[in-house]
Amino acid sequence: MSETTYHEMWEKLNLDLPAHDALLAVLGKFYGDIYMSQQGRLKGMEYLDFVLSEVHGLRIKELQEAKAAGRKVVGAFCVFVPEELTLAANCVQVGLCAGAEAGTELAETLVPRNTCALIKSFIGFKLARICPYIESCDLIVGETTCDGKKKAYEAFSEIAPVYVMEVPQCKSDADRALWRSEIVKYKARIEELTGEAITADKLGQAIRLVNAKRRALNRLAALRAADPAPISGRDALLINQVSFYDDPVRFTTSVNALCDQMEERIAAREGVAAKGTPRLLLSGCPMAVPNWKLPFVVEGSGAVIVGEESCIGTRNTRDLVDETAETLDDMLEALTDRYLKIDCACFTPNAERQDNIIALARDLKADGVIHYALQFCQPYTHEAFKVEKALTRDGLPMLAIETDYGMQDVGQLKTRVEAFVEMLKA
Amino acid sequence: MDVRLDALGVDIGSRSVEVVGLAGGEVVVSLKAPTAFDPAGQCARLLEGLAAGRTTATGYGRDLFVRTFGAEARLGVVATVTEIQAYARGAAHLFPEAHSVLDIGGQDTKAVVLAPKGRVLRFEMNDRCAAGTGKFLEFMATALQVPLTEFGAFALRGRRGLKVNSMCTVFAESEAVSLMGAGERPEDIALALHLAMVERLSGMLRRNACAAPLVFAGGVARNPCAVALVSEWLGTPAVVPADPDAVGALGAALCALQAAEMRA
Ligand code: SF4
Ligand code: SF4
């Protein structure tokens, strides 16, 4: 890759070049330690390694080319933003990751200190000018999920082109009607941005495209039920993370190719860990790039991760949009229904999440669940209590972890996770 | 000539290193040294002249131990267990009827509910801060200028009535200082600090449904005020081992012994 061209590009995006170089160096080292040290990885992971090595390079170049060709780039922080509408208007949608500690002091000038690391991170990335994705966005779509994000978008809209969707907090008919109207409003907003009308034809295509991506990820998720586990939790998390910013068609093809390799491996009874290794399901807050801390700790403690019940995981892929709708109106109905199935902890009472976790743990033959919540995240730290109750009732042991992006607590986390694994083995 | 043991347990904590050696099912070696700034060196000194078929390390320095001594033939197979497992095993061995274990060490606090044979049914470990750990008492003893070893007895002479609200070590210290400035008796302040700590611990015990018989282990179990207040909360005396800091090393040695027997 040609660093100089990228430097020009980054300069044009008004990045703080020294700070950005430093970020890439840390990211590269971190990736090396956590990913390249793994044994028995699938051949298909080379594609993911490549995508990650070019995460601020080639992919950003592609975005600039798309923009030069007149397409718009839309950023999102939450899986509630309907990608189908974005794609139907011929835009590129990227997930803005916010999984690293960066610009924290700067962020704390805009949001209170007791704000979760994810929010601080996206504000910090923007203020420190080190994220080429944020800088490439023509529109950033926020949503009224947790209070932290809701208020942060108010501050963020002063420094970035923000549009906020109102996500309801319950799932009654009135809430559904509200969400339906928010989808219609978003459609209008994105049409205004592009000057292109979204037709039934285009939306139908986009629905099938995004469904195909979800199907590929669901196929991968289901293959992880095999023992020995055919893929590490770290790699599977990376794939889900990359799904948010890679080109959807290319990504889907690569994931399906990877699944073919996994099937071969399963047929040969091979895997990344010995048969009988304790199997854990991660559940809770999303882990955005490069937040690989907990998976690294877990898989360094004699266990293997077999699933992620999170928005960078099955919560994002489980439900598909009905493809049978023919009119634009029916498609918007189908989108409304599909997105309201998301069992985010921001909803109340959100009992379906417990059922979904139990079902997933059973399907994947998990021996236990690690509930992961970011410090100061009200919705997920609250749900940890009731999830634990429900799982215990069902005979599934759970360990609740509350942490952030810092590395200071790695030793402590390791002790707790190891003790949990010892408990499962005994 | 080395003393030959069946199994060795080594607990490398933030404050001290303990070594327990088992032979013929009995504890025949029990040693202790401060961790200081050289845990590996302290381990080497304690282990001088000892040999075992199997050695298991626990505590926050357990991985360091394996890196340093993993290849030393006289220690046999070197493995690790967590402090949680080690304390559970050690406590259950000493008190087979125990229901749960409370271990307050220098840097962390754990509550463990036991299953049969010293297995762990549930556990909780405090978060990253020093609140509710030995460190908390250490800071407070320094603030009140009382030697740590006498702090518990000192607090027991206090009268009830004062309240320290914050459990954050920094804030609690400034609360203690302002109480002193207001002319309160240091003994009363010391008692209030112990009460605040035990109140915090009781949350952990309650959440995990820890009940008597409860084994109170770790360095803080040498503090008579902490023991009295935990017992008061339980409604029955907490069980304190003769050597509360050595429970982890004993548990590690028992794990080593079990692993050796399973291989035999
Ligand atoms: S956890 Fe909730 S708020 Fe966060 S991305 Fe998922 S749906 Fe959105
Ligand atoms: S992790 Fe929790 S607090 Fe942070 S943005 Fe997500 S829902 Fe909000």
Side-chain angles (χ1 to χ4, degrees), chain A residues 101 113-114 117 278 293-294 296-303 367-377 381-382 384-389 391-426, chain B residues 11-14 39 56-64 66 79-89 92 101 103 105-130 133 203-204 206-209 248 251-252 254-255 258-259 262:
Chain A
E101 212 170 27
R113 291 192 56 195
N114 59 348
K293 177 167 99 170
L294 189 58
F296 180 58
V297 167
V298 171
E299 295 195 329
S301 300
D367 301 304
V369 175
I370 296 193
H371 192 277
Y372 161 81
L374 280 173
Q375 208 175 12
F376 306 125
C377 169
T381 47
H382 267 277
F385 290 97
K386 61 178 191 186
V387 169
E388 180 163 20
K389 252 189 227 141
L391 293 183
T392 311
R393 228 183 292 126
D394 229 68
L396 271 168
M398 184 189 112
L399 174 70
I401 296 282
E402 212 180 304
T403 184
D404 58 17
Y405 295 167
M407 288 294 148
Q408 308 87 308
D409 63 342
V410 164
Q412 271 221 3
L413 284 181
K414 193 157 184 288
T415 300
R416 284 152 80 177
V417 172
E418 267 180 35
F420 186 61
V421 174
E422 283 169 351
M423 196 178 102
L424 297 176
K425 275 191 191 158
Chain B
D11 182 358
I12 305 125
S14 62
T56 295
T58 187
Y60 94 102
R62 62 191 184 279
D63 291 329
L64 171 78
V66 174
T80 64
V81 289
T82 64
E83 303 86 292
I84 291 147
Q85 181 72 44
Y87 270 85
R89 287 297 296 273
V101 186
D103 161 42
Q107 230 160 44
D108 46 50
T109 296
K110 341 172 182 38
V112 182
V113 176
L114 299 168
K117 295 194 186 120
R119 283 185 295 114
V120 175
L121 188 66
R122 307 187 268 287
F123 70 92
E124 184 177 329
M125 205 170 137
N126 69 308
D127 287 310
R128 55 180 92 190
C129 76
T133 71
M204 196 183 216
R206 194 175 295 124
R207 266 195 303 281
N208 292 283
L254 291 165
C255 290
Q258 188 191 28
M262 267 165 58

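Below, all heavy atoms of this structure are taken into account, side chains as well, without hydrogens, waters or symmetry copies.
Taken to the nearest 0.5 Å, the CZ atom of B:R207 stands 10.0 Å off from the CD atom of A:E388. The CZ atom of A:R416 lies 7.5 Å from the CZ atom of B:F123; values are rounded to the nearest 0.5 Å.
Contact of A:L413 with chain B is not made at all, since no heavy-atom distance falls under 4.5 Å.
Counting all heavy atoms, side chain and backbone alike, A:T415 lies closest to B:E83 at CG2-OE1, 3.4 Å. Taking each heavy atom of B:V81 and A:E422 in turn, the nearest pair found is CA-OE2, 3.3 Å.
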Could you go through the side chain to side chain contact (heavy atoms under 4.5 Å, CB included) check for A:M423 and B:R119 one step at a time?
CA-CA 7 Å; A:M423 196 178 102; B:R119 283 185 295 114; over 6 Å; no

Yes or no on side chain to side chain contact (heavy atoms under 4.5 Å, CB included) for A:E418 and B:I84, after CA distance, side-chain angles and deciding distance?
CA-CA 9 Å; A:E418 267 180 35; B:I84 291 147; over 6 Å; no

